[in-house]
Amino acid sequence: MTFEALGLNTSLIKALTDAGYTAPTPVQQQAIPAAIAGKDLLVSSQTGSGKTAAFMLPSLHRLSEIDPAAAGKTPNQEMQAARARGERPRFKAAQPKMLVLTPTRELALQVTSNTDKYSVNLRRLKAVSILGGMPYPKQMQLLAKNPEILVATPGRLIDHMESGKIDFSQLEILVLDEADRMLDMGFIDDIEKIVDATPSTRQTMLFSATLDGVVGNMARRITKDPQVIQILSAANKHENITQRVHFVDDLSHKNRLLDHLLRDDSLDQAVVFTATKRDADTIADRLNIAGFSAAALHGDMHQGARNRTLDSLRRGQVKILIATDVAARGIDVPTITHVFNYDLPKFPEDYVHRIGRTGRAGRNGLAISLVNHAEGMNVKRIERFTKQLIPVNVIEGYEPKKTASASRSSPRPGGWKPGDNRGGAKPSGQRTFSKPGAPRKEGSSTGGGYKGSNPRSTDGARRSYGDR
Ligand code: AMP
């Protein structure tokens, strides 16, 4: 399958070739032709699957076909013309043709940066980010240029709509990216307000990790006869990410083990997730003292500092990022080979997002959770959610005092029968589990067995939580 076969125009194909994209991903193969045909889409696929291009490429294709003469003057041009006539210019609201709503600022910046990459040969089509945390005068300047594409977080967008700076009457395409997350973050009222302000003739594309429950209900309310696309690619199931659990007795055991694992030869860059901002800072300091190049990332930092930290990570100057769940979604740095859960996440969904920081763009990754014996139940909850068993691993010299089987007995992910094709206790006390029918996957007992394919790349992005 080629991008040409999907019906994209030559300007876009050239940009994709220059960006090094050789073939469309599964979500792109299904979404692009349907979206070019103007259909509404409900797509369940995760970050890392190529979903941004799946909605942005067909949108750019369609927008590039709109006659520029019919688009009228930009607000800037209208204001200049008024001045030339000796009139006092009145602010005219921006009238975007496309709106992408995202849950986080970093995802918005990533979508905008990908759009710039894809639209490089379509000079007329400009995308801007409208985000919380950005100075209002800067945003007014961006809006005055009447960009065709707005990529926005809901809260700040509502502010601009309410003050008459944006008019959606000309909107042709609405995209809700990571819709499930926007709802988790409490944006439902904002989203409905925004959707209500757009023409009912619009094309709507909704992307979400799940299309069940509240998201599904909203999705059906705001789309018309949508094409439903469910992608169960290896990346979605995280089959390219090796997962392991290491049980620890106490904090000192956890810190020693983390230190050892971070020295793994196959580690290029890593994200270590902590439960608290304070731990993120403390561990970053400790690792720097121990000679690692580490930096913290959490919600108490200003957006500028967060962006600088993520830029340093992308450039390879920071090797280990210690982060709270602020980074669980959206960091797209292909050279991240390892993810560590220093603390398990509160919700199983966040586990999936955290481990998805590695294994990007078709590479392999390793996700290691350091788990106290008392947290065995939380591991089971994650296993039930992902329908995957996570092998328990023990490293010589770092064995926990208790055995894994004492910490965790018979995990039973949904739908699987206990005892199905399970690995038994190993002589070391290590147990591995495998999916029924699948070849049994044994965890490495040295911590050095993983080899990710880590070609260096500068491709990446920034993101965090927070809006307004
Ligand atoms: P996304 O799921 O949109 O976050 O994309 C994940 C990563 O895959 C980003 O780094 C994209 O630049 C990259 N990507 C998207 N589509 C393709 C493709 N067809 N070929 C190669 N890389 C791609």
Side-chain angles (χ1 to χ4, degrees), residues 1-33 35-36 43 45-65 98 100 102 106-129 147-151 173 175 177-178 205 207 231 233-236 240 268-269 307 310-311 313-316 329-336 356-365 452-463:
M1 176 69 81
T2 61
F3 282 109
E4 282 89 343
L6 299 180
L8 293 168
N9 66 38
T10 49
S11 303
L12 289 166
I13 305 274
K14 180 163 184 327
L16 293 174
T17 310
D18 292 347
Y21 292 13
T22 49
T25 64
V27 68
Q28 293 163 4
Q29 287 177 26
Q30 292 197 46
I32 292 174
I36 288 180
V43 185
S45 75
Q46 293 188 347
T47 167
S49 59
K51 66 181 172 58
T52 312
F55 62 74
M56 199 42 90
L57 293 172
S59 302
L60 289 168
H61 177 98
R62 293 191 68 211
L63 295 176
S64 68
E65 292 186 337
M98 175 177 187
V100 182
T102 73
E106 278 77 6
L107 180 55
L109 290 169
Q110 184 190 324
V111 170
T112 307
S113 124
N114 281 2
T115 308
D116 292 345
K117 189 157 70 180
Y118 306 144
S119 66
V120 66
N121 304 314
L122 302 167
R123 300 208 184 283
R124 194 166 53 80
L125 295 177
K126 288 278 162 283
V128 305
S129 310
E148 286 77 8
I149 303 166
L150 291 188
V151 185
I173 304 170
V175 176
D177 195 6
E178 299 197 358
M205 295 184 254
F207 286 70
I231 299 293
S233 66
N236 277 7
N240 56 334
D268 193 347
Q269 283 176 293
N307 288 349
L310 288 170
D311 280 344
L313 182 76
R314 269 211 323 275
R315 285 199 297 270
R329 281 174 180 251
I331 292 181
D332 181 20
V333 180
T335 41
I336 294 173
R357 295 317 100 210
T358 182
R360 311 284 299 171
R363 293 175 173 82
N364 293 323
S453 55
N454 311 318
R456 288 241 169 236
S457 160
T458 53
D459 188 9
R462 302 145 288 196
R463 73 163 68 170

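All residue numbers in this chain count up from 1 along the given sequence.
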N121 and A15: which non-hydrogen atoms are nearest, and at how many Å? ND2-N, 3.6 Å

Using a 4.5 Å cut-off on heavy atoms from C-beta on, say whether the side chain of L107 contacts that of E178. yes

Heavy-atom closest pair (P147 atom, V128 atom, distance to 0.1 Å) is CG-CG2, 3.6 Å

Which heavy atom in L109 sits nearest to a heavy atom in S129, and how many Å separate them? CD2-OG, 3.8 Å

Please examine the side chains of L60 and L12, heavy atoms only from C-beta on, and report whether any two atoms are closer than 4.5 Å. yes

side-chain hydrogen bond (donor to acceptor under 3.5 Å, both in side chains) contacts in which one or both residues fall within residues 6-15, not counting sequence neighbours: N9-S64, K14-D18

Nearest 0.5 angstrom please: Q28 CD to L6 CG, how far? 8.0 Å

Side chain to side chain, V100 and L150, heavy atoms closer than 4.5 Å: no

First locate atom OG1 of T52, then atom CG of D332, and finally report the distance between them rounded to the nearest 0.5 Å. 8.0 Å

Can you tell if the side chain of N240 reaches within under 4.5 Å of the side chain of T358, non-hydrogen atoms only? no

Rounded to the nearest 0.5 Å, what separates atom OG in S59 from atom CE in M98? 3.5 Å

Less than 4.5 Å apart, any side-chain heavy atom of L57 and any of F3? yes

Would you say that L313 contacts I336 through its side chain, given a criterion of any heavy-atom pair below 4.5 Å between the two side chains? yes

Gap between atom NE2 of H61 and atom CD1 of I36 - 0.5 Å precision: 4.5 Å

Euclidean distance, Q110 CD relative to N114 CG, rounded to 0.5 Å: 5.5 Å

For the side chain to side chain contact (heavy atoms under 4.5 Å, CB included) test, which of R314, R315, R357 pairs with V333? R314

Counterpart residues, side-chain hydrogen bond (donor to acceptor under 3.5 Å, both in side chains), relative to T115 (two or more places apart): none

Quick check: do K126 and E148 have side-chain heavy atoms less than 4.5 Å from each other? yes

Under the rule for side-chain contact (heavy atoms from CB on, under 4.5 Å), what residues qualify as partners of A35, not counting sequence neighbours? L41, P58, Q203, M205

Begin from the C-alpha positions of F55 and V111 and carry the test side chain to side chain contact (heavy atoms under 4.5 Å, CB included) through to its verdict. CA-CA 10 Å; F55 62 74; V111 170; 4.3 Å; yes

For Q29 and P24, which heavy atoms make the closest approach, and how far apart are they? NE2-O, 3.2 Å

Taking it one step at a time, do L16 and L8 satisfy side chain to side chain contact (heavy atoms under 4.5 Å, CB included)? CA-CA 10 Å; L16 293 174; L8 293 168; 4.2 Å; yes

Report the C-alpha separation of I149 and M56 in whole Å, then their side-chain angles, then the decisive distance to 0.1 Å, and conclude whether the side chain to side chain contact (heavy atoms under 4.5 Å, CB included) test is met. CA-CA 10 Å; I149 303 166; M56 199 42 90; 4.2 Å; yes

Are the side chains of L122 and L63 in contact, using a 4.5 Å heavy-atom criterion? no

Supply the atom-to-atom distance Y118 OH to S113 OG, rounded to the nearest 0.5 angstrom. 8.5 Å

